[in-house]
Amino acid sequence: MTRLIALTRRSALAAAAGFGVSISFLGRQAFADTDVAKRKLVVIVCRGAMDGLSVSPPVGDSSYHGLRQEIAIAGFDQPGGALKLDDTFGLHPKLTTVHALSLKGQARIAPAVATPDRARSHFEAQDVLESGSSVVYGASSGWLNRAMEAMGPRKIEAISVGAQAPLILRGKIEAASWSPGGYKDRDSRLPGILADLYAHDPLLGPALATGLDTEAMAKMATASEATMTPVITQTVGPMQADSMATMQPQGGEPAARAYAQAGRAGAQAARTLGTTLAGFMNQPNGPQIAAISIDGFDTHANQGNAEGQLANRLAYLDAVVDGLSTGLGPEWNNTVVVAATEFGRTARVNGTKGTDHGTASTALVLGGGLKRGGIIGDWPTLQQARLFENRDTAPTMDMRGLFKGVLAEQLGVSRRALDTTVFPDSGAVAPTGGIVA
């Protein structure tokens, strides 16, 4: 059973600004005002297999530009070049907010992280990413929901952003969901299933990927602040239906027009999304945990480099982070944000100026309370002998270890719960330490 609470545009923006809009979350129990109780966690799921070698291009790796060719990001201090992190890594030039945060010690990258899944299937890999299991369909609930359950008797409130609640928040603990475009009662998993079906077809695969990306960008382009009607869905009861995607592609504008419009309108819509979510989280008794889904990262054809299809999606992600970090205000210092994807892309550019399904990718870890440091994990390099199966960035970190480290240091989840309940049968995967100050 669900209860829908429609918010006007004025109400949503007031919430984003932290002005007197109250959202009631059922079953809230008072708990001590401890340090952990103040801390917030936001998980951003970047659906479609986000290209880590463009998110954090290793322009200092001698093999990078030869593998990437026309889709490579230029070096530091060049037009359209990477935003420098260290001598090896930069950030995509559209990730300006993330870069500014990194200069303050509030953003770090994990450049070679992957889930245990190696099938390179969107549908299966997203299941593993969100369920926290070591195998496909190994759990019917999400690891973030089980983490809330493991935090003890006090009630933890959570909210998901999207048309339907994603698997990561599915489980025994109730959670609210907010959709900027309203609730969509349809199975949005179909595009991912079709993408997997045609992944190895040389004609249908790239054609489907290009069509889905164009439609997603067209929808982003036509979205505007004036037409956003947020809806809060209060989930009442366990095990609500999962959705593997949240943005329903609509429209059919040519790619060039869609990308141009998205560049103008998408960032503002994303920033509004971030600030509105921050407003919800800043409310008294508001959610402590949030999950956001962002689509459009399946770039089989015409991926682009500093500009283009992927650049627009990264600009959207960056604007969400901007809205969150500014909207949370002082609470940003109590917040950790993790942006992760189901798998990465191939190290080499393909014949359609895109990239195919890969293995390791980059995860972003952000927040005002991060511990200063360099990259999280080890970099395997892009040398031919070090590529995974002669094609992908090799994974050097288990995604579960990264999530475990964040949950342990940010929310105080015990190692025993992490190894047995949150990520079942994962005792051999140690939490990544040194993330939260």
Side-chain angles (χ1 to χ4, degrees), residues 35-37 39-46 52 107-118 125-136 138-152 156 158 166-173 288-292 334-344 359-367 369-379 395-437:
D35 183 51
V36 170
R39 294 188 176 188
K40 306 180 192 302
L41 174 62
V42 179
V43 178
I44 303 176
V45 179
C46 299
R108 297 173 66 183
I109 62 169
V113 65
T115 72
D117 181 75
R118 297 291 179 267
Q126 287 175 10
D127 178 271
V128 172
L129 173 68
E130 297 188 55
S131 73
S133 175
S134 60
V135 295
V136 178
S140 59
S141 58
W143 64 262
L144 196 51
N145 193 288
R146 295 195 300 273
M148 293 190 295
E149 186 180 1
M151 289 175 68
I156 308 298
L167 174 59
I168 195 170
L169 274 178
R170 176 183 174 185
K172 296 179 180 179
I173 306 299
Q288 186 177 355
I289 291 172
I292 304 174
N334 296 320
T335 302
V336 169
V337 179
V338 180
T341 192
E342 67 261 36
F343 49 73
T359 305
S361 186
T362 293
L364 299 174
V365 184
L366 315 104
L370 292 191
K371 183 177 181 179
R372 284 182 175 270
I375 69 170
I376 301 173
D378 298 321
W379 175 238
T396 63
M397 176 183 293
D398 191 312
M399 188 81 75
R400 294 170 296 174
L402 179 64
F403 292 148
K404 280 184 176 184
V406 171
L407 290 172
E409 295 183 350
Q410 178 69 359
L411 298 179
V413 182
S414 72
R415 175 67 187 269
R416 183 175 184 276
L418 290 170
D419 289 348
T420 60
T421 302
V422 182
F423 300 97
D425 302 318
S426 66
V429 180
T432 301
I435 297 175
V436 180

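Here, residue 1 is the first one in the sequence, and each next residue gets the next number. Predicted model, so just to flag it, every value in this text is computed and none were measured.
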Q: Go through the steps to decide whether Met151 and Val413 satisfy the test side-chain contact (heavy atoms from CB on, under 4.5 Å), and finish with yes or no.
A: CA-CA 6 Å; Met151 289 175 68; Val413 182; 3.9 Å; yes

Q: Is a side-chain donor or acceptor of Ser361 paired with a backbone partner of Gly52 at a separation under 3.5 angstrom?
A: yes

Q: Hey, could you give me the CG/CG distance between Asp419 and Asp425, rounded to the nearest 0.5 Å?
A: 10.0 Å

Q: Look up atom OG in Ser134 and atom CZ in Phe423, then write down how far apart they are to the nearest 0.5 Å.
A: 11.5 Å

Q: Would you indicate whether the side-chain heavy atoms of Arg118 and Thr359 approach each other to under 4.5 Å?
A: yes

Q: Just verifying a value: how many Å separate Glu409 CD and Thr432 OG1, rounded to the nearest 0.5 Å?
A: 9.0 Å

Q: Does the side chain of Leu129 come within less than 4.5 Å of Val45's, by heavy atoms?
A: yes

Q: Can you name the side chain to side chain contact (heavy atoms under 4.5 Å, CB included) partners of Asp117, sequence neighbours left out?
A: Thr115, Ala119, Glu124, Ala125, Val128, Val136

Q: Rounded to the nearest 0.5 Å, what separation is found between the CD1 atom of Ile156 and the CE atom of Met148?
A: 8.0 Å

Q: Is the backbone N or O of Ser140 less than 3.5 Å from a side-chain atom of Arg170, with the two atoms forming a donor-acceptor pair by type?
A: yes

Q: If we only count heavy atoms from C-beta on, is the Pro395 to Val113 side-chain gap below 4.5 Å?
A: no

Q: Would you check, one step at a time, whether the test side-chain contact (heavy atoms from CB on, under 4.5 Å) holds for Met397 with Ile376?
A: CA-CA 9 Å; Met397 176 183 293; Ile376 301 173; 3.6 Å; yes

Q: Can you name the nearest heavy-atom pair linking Ala291 to Leu169, along with the distance?
A: CB-CD1, 3.9 Å

Q: Does any non-hydrogen side-chain atom of Val365 lie less than 4.5 Å from one of Leu402?
A: yes

Q: Okay, side chain of Ser426, backbone of Val429: is any donor-acceptor separation there less than 3.5 Å?
A: no

Q: Give a yes or no on whether the backbone of Ile168 and the side-chain of Glu130 come within a donor-acceptor separation of less than 3.5 Å.
A: yes

Q: To check you understand the geometry: which heavy-atom pair defines the closest contact between Ser133 and Gly138, and what is its length?
A: OG-CA, 3.3 Å

Q: Start with the C-alpha gap between Ser141 and Arg146, add the side-chain angles, then the distance that decides, and say whether side-chain hydrogen bond (donor to acceptor under 3.5 Å, both in side chains) holds.
A: CA-CA 7 Å; Ser141 58; Arg146 295 195 300 273; 3.0 Å; yes

Q: Please tell me if the side chains of Ile109 and Leu364 come closer than 4.5 Å, counting only heavy atoms from C-beta onward.
A: yes

Q: Please examine the side chains of Lys371 and Ile435, heavy atoms only from C-beta on, and report whether any two atoms are closer than 4.5 Å.
A: no

Q: Looking at every heavy atom in both Leu411 and Gln288, which two are closest together, and how far apart are they?
A: CD2-NE2, 3.8 Å

Q: Considering non-hydrogen atoms only, spot the tightest contact between Leu366 and Ala107 and give its length.
A: CD2-CB, 3.8 Å

Q: Where do Val422 and Ala150 come nearest, in terms of heavy atoms and distance?
A: CG2-CB, 4.3 Å

Q: I want to check something: taking the side chain as every heavy atom from C-beta on, are Leu418 and Trp143 in contact at a cut-off of under 4.5 Å?
A: no

Q: Grab the two heavy atoms, one from Glu342 and one from Cys46, that are nearest each other, plus how far apart they are.
A: OE1-O, 3.4 Å

Q: Looking at CG of Leu144 and CG of Leu41, how far apart are the two atoms once the value is rounded to the nearest 0.5 Å?
A: 6.0 Å

Q: To the nearest 0.5 Å, tell me how far Arg108 CZ sits from Leu370 CG.
A: 7.0 Å

Q: Indicate yes or no for a side-chain donor-acceptor contact from Asn334 to the backbone of Arg39 under 3.5 Å, with no hydrogens or angles considered.
A: no

Q: What do you reckon, is CZ of Arg416 surrounded by more than 12 foreign heavy atoms closer than 6.0 Å?
A: no

